[in-house]
Amino acid sequence: DLQSDKYFTGFLINPTYLHLLNEHVGLEFGAKYNRLYYWTPVYFPQDDRSGKLWGGSMGMYYFFKKQKGFLQARFSYEHTHTTGENWDNSAYRLLLAALLPLTEKLKYNVFLDVMLQPYEHPFYNGVTYGNFADTPLVPNPKRLDRILIFGTQATYELIKKLEFGIHYYYIKDASNVQLYRYDRHILGCQFAYRY
């Protein structure tokens, strides 16, 4: 929910299998299906984001320090088919990550996630300018997003199974559609209990 308004509901199935080739190297295979429901008002049919997402991934881990730390590389593909043509897209992602156990209780995680997200149809924004509305007759490019996500997190185990973490994420979307071009900085903290 967004403030007091219903915004989004999703039902996600994301099975993942990790096969250890030896104590240091592991291969990961995953699948993903997400049923997406957006509850925001739709003012024109091209902008209805409700739909289905499916995809898969494969990756590799290199474990060290008795599998308490790792280096990771994962490639994934996702396809989203929505009710509104503005949101039909494919996503090609490459994730590079590392988990470094600095001490027995302190861990440091860093990752870089890059994504190429081509959309399938010419973008239609449906915005009215004076007496003229954008129409399919006005040339609009097919949307193409190039997204970079950088993240870093430090986690400290306060007591057995209870951790405190602080994180920072930087997200840059270099979309060819001005409306979706942005830079975002996220700073936060969390408590986690692992059982």
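Ile147 and Val110 are not part of a single hydrophobic cluster, where members link through side-chain heavy atoms under 4.5 Å apart. Residues Tyr33 and Phe8 are members of separate hydrophobic clusters, defined by side-chain heavy-atom contacts under 4.5 angstrom among Ile, Leu, Val, Met, Phe, Trp and Tyr. In the hydrophobic clustering of this structure, Tyr17 groups with Met60; members are Ile, Leu, Val, Met, Phe, Trp, Tyr whose side-chain heavy atoms approach within less than 4.5 Å, directly or through other members. A continuous path of ILVMFWY side-chain contacts below 4.5 Å connects Ile149 to Ile186, so both sit in one hydrophobic cluster. The hydrophobic clustering, which links ILVMFWY residues whose side-chain heavy atoms are closer than 4.5 Å, places Leu18 and Leu99 together.
A side-chain N or O of Tyr170 and one of Asp183 form a donor-acceptor pair less than 3.5 Å apart. No hydrogens or angles considered: nothing links the side chains of His121 and Asn86 as a donor-acceptor pair under 3.5 Å. Side-chain contact check for Asn109 and Gln153: no donor-acceptor pair (N or O, by modelled atom type) lies under 3.5 Å. Checking Tyr168 against His185 by side-chain atom types alone, a donor-acceptor pair falls below 3.5 Å.
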task = Let me see the working for Arg49 and Asp47 under salt bridge (charged side-chain N to carboxylate O under 4.0 Å, His left out), right down to the final yes or no.
result = CA-CA 6 Å; Arg49 296 174 66 178; Asp47 213 32; over 6 Å; no
task = Kindly determine whether Thr152 and Tyr108 satisfy side chain to side chain contact (heavy atoms under 4.5 Å, CB included), including the steps that lead there.
result = CA-CA 8 Å; Thr152 183; Tyr108 177 70; 2.6 Å; yes
task = Carefully, step by step, assess Val114 and Leu95 under the rule side chain to side chain contact (heavy atoms under 4.5 Å, CB included).
result = CA-CA 7 Å; Val114 291; Leu95 170 72; over 6 Å; no
task = Go through the steps to decide whether Glu163 and Lys107 satisfy the test salt bridge (charged side-chain N to carboxylate O under 4.0 Å, His left out), and finish with yes or no.
result = CA-CA 10 Å; Glu163 297 177 342; Lys107 293 182 282 189; 3.2 Å; yes
request  = With side chain to side chain contact (heavy atoms under 4.5 Å, CB included) as the test, would you mind laying out the steps for Leu21 and Leu27 before giving the verdict?
outcome  = CA-CA 7 Å; Leu21 298 176; Leu27 298 177; 4.0 Å; yes
query = Would Glu28 and Gln72 count as a side chain to side chain contact (heavy atoms under 4.5 Å, CB included) if you check the C-alpha gap in whole Å, the side-chain angles of each, and the deciding distance to 0.1 Å?
reply = CA-CA 10 Å; Glu28 176 192 75; Gln72 176 190 19; 4.2 Å; yes
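Arg184 contributes no side-chain N or O that, together with a main-chain N or O of Ile171, makes up a donor-acceptor pair within less than 3.5 Å. Side-chain atoms of Arg93 do not come within 3.5 Å of backbone N or O of Phe75 as any donor-acceptor pair. For the pair Asp88 (side chain) and Glu120 (backbone), a donor-acceptor distance under 3.5 Å is absent. Looking at Arg143, its side chain never comes within 3.5 Å of a backbone N or O of Val177 through a donor-acceptor pair. Put simply, the side chain of Asn14 gets close to the backbone of Ala31: a donor and an acceptor are under 3.5 Å apart. Checking side-chain atoms of Asp48 against main-chain N and O of Ser50 turns up a donor-acceptor pair under 3.5 Å.
Between Val25 and Tyr62, some side-chain heavy-atom pair lies under the 4.5 Å cut-off. Between Trp39 and Thr9 the shortest side-chain heavy-atom distance falls below 4.5 Å. Taking 4.5 Å as the limit, some side-chain heavy atom of Leu148 sits within range of a side-chain heavy atom of Leu112.
Aromatic ring centres of Tyr156 and Phe164: separated by at least 6.0 Å.
When all heavy atoms are compared, the tightest approach of Ala98 to Leu71 is CB-CD2, 3.7 Å. Between Leu144 and Arg146, the closest heavy-atom pair is CD2-NH1, 3.3 Å. Between Lys142 and Asn176 the shortest heavy-atom distance is O-ND2, 3.0 Å. Contact between Arg74 and Ser57 at its shortest, heavy atoms only, is CD-CB, 3.9 Å.
Counting heavy atoms of neighbouring residues, nucleotides and ligands inside a 6.0 Å radius, atom NZ of Lys68 does not exceed 12 of them. Dense packing is recorded around NE2 of His79, with more than 12 heavy atoms of other residues, nucleotides or ligands lying under 6.0 Å away.
Distance check, rounded to the nearest 0.5 Å: NE2 of His81 to CG of Leu36 gives 11.5 Å. Here the OG atom belonging to Ser175 is positioned 4.0 Å from the CG atom belonging to Asp145, to the nearest 0.5 angstrom. Here the straight-line distance linking atom CE of Met115 with atom OG of Ser76 works out to 8.5 Å at 0.5 Å rounding. Taking CD from Gln117 and OG1 from Thr80, the interatomic distance works out to 7.0 Å, rounded to the nearest 0.5 Å. Separation of atoms CZ (Phe191) and CG (Leu162) is listed at 7.0 Å; rounding is to 0.5 Å. Here CG of Leu96 is found 12.0 Å from CZ of Phe150. Values are rounded to the nearest 0.5 Å.
Using cut-offs of 30° and 60° on the angle between ring planes, the pair Trp87 and Tyr119 is perpendicular. Ring orientation note: the planes of Phe63 and Phe70 are nearly perpendicular, at an angle over 60° on the 30°/60° scale. The aromatic rings of Tyr7 and Tyr38 sit perpendicular to each other, their planes meeting at more than 60°, with 30° as the lower class boundary.
Figure legend: cation-pi geometry between Arg35 and Tyr37, with NZ or CZ positioned under 6.0 Å from the six-membered ring centre and within 45° of its axis.
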